[in-house]
Amino acid sequence: MNSIYQNIIAAKAKNKKLLAVLIDPDKMILANVSGFISKVNQSIATHIFVGGSDVNEGLTETLVLEIKKHATLPVILFPGDVTQITDKADGILFLSLISGRNPDYLIGKHVEAISKLRDSNLEVISTGYLLIQNGKQTSVERVSQTKPIERDQVQQIVDTAKAGELLGMKLIYLEAGSGATHAIEPYIISEVKQELSIPLIVGGGIRTKTEIELAYKAGANLIVIGTAFETDETFFDHLRS
Ligand code: 1GP
């Protein structure tokens, strides 16, 4: 059963917009999970993503187990590394960093991951991951040792996303990077959207309700927000009205 992906597809068909809260195991204190997730449960969020660039081995599984005790939403791994894979989550974005040219992040890490995925019940969702330049170096850039695509290289961004779709990827994720100075501009989202028939995820540097609305209007099907929730838990409340 591929329920997470089918639900994303169904939401896209109905033009229902989705919102993922990203929890970084490196930043979340276990004792705070219960309170945080109770806020998430009352919010308009539809998914919980768990992952980060620099996470100690074992931390993700402990965190996911704690989140699952309280969460009503699907918990999806958004792993920065193979060590973050745990079958205690519901699904995993199987990310290929197609904006870069580092073979480890295009296919190498995926081969390493198979021994963990083979016998797990995780729903594996193939995702083309594009890092877009946002004004400062991101953790993804540092860890993957790849260069983001420049923001003014719109055709390159569009062609890369389309190549991901034609390779059979199920989702495209436009990433400005956690804590990005500039979120992905709506016109970039819109240009990519026009070429894609698969759902589009957008994340990185989104901090206001207006930015969320603009990204949805431009064509994002699912928006990912980490930093804004980390720094202000009342951010959930501002999204209600
Ligand atoms: C990072 O896209 C996500 O991978 C979320 O970014 O932390 O800036 O919301 P923020």
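Numbers here simply count residues along the sequence, with the first being 1. In listed order, ligands and their atoms are each counted from 1.
For ligand 1, the atoms sitting less than 4.0 Å from at least one non-hydrogen atom of L22 are 1 (C), 3 (C), 4 (O), 5 (C), numbered in the order shown with element in parentheses. Interface of G203 with ligand 1, defined as ligand atoms under 4.0 Å from a residue heavy atom, comprises 2 (O).
Residue-environment remark: CD (Q145) stays at or below the threshold of 12 foreign heavy atoms within 6.0 Å. Counting non-hydrogen atoms of other residues, nucleotides and ligands closer than 6.0 Å to CD1 of I29 gives a total of 12 or fewer.
Side chain of Q84 to backbone of G80: a donor-acceptor contact under 3.5 angstrom is found.
For the residues R207, E230, E175, the heavy atom positioned nearest atom 2 (O) of ligand 1 is part of E175. Between atom 8 (O) of ligand 1 and the options G179, G80, G51, G226, the minimum heavy-atom separation is to G179.
Considering all non-hydrogen atoms of both residues, M169 and I198 come closest at O-CD1, 3.4 Å.
The nearest heavy-atom contact from the protein to atom 7 (O) of ligand 1 is T227 OG1, 2.5 Å. Looking only at heavy atoms of the protein, atom 5 (C) of ligand 1 is closest to G204 N, 3.7 Å.
Not one N or O of F78 is nearer than 3.5 Å to an N or O of ligand 1, by distance alone. Where the criterion is an N or O separation shorter than 3.5 Å, residue side chain and backbone included, I225 fails it with respect to ligand 1.
Using a 4.0 Å cutoff on heavy atoms, F229 does not count as a contact of ligand 1.
Side-chain atoms of H47 and L18, non-hydrogen and from C-beta on, do get closer than 4.5 Å to each other. Inter-residue side-chain proximity for S38 and H70 is flagged as unmet; no heavy-atom pair is nearer than 4.5 Å.
Ring pair F49/F78 is tilted by interplanar angle, where 30° to 60° counts as tilted.
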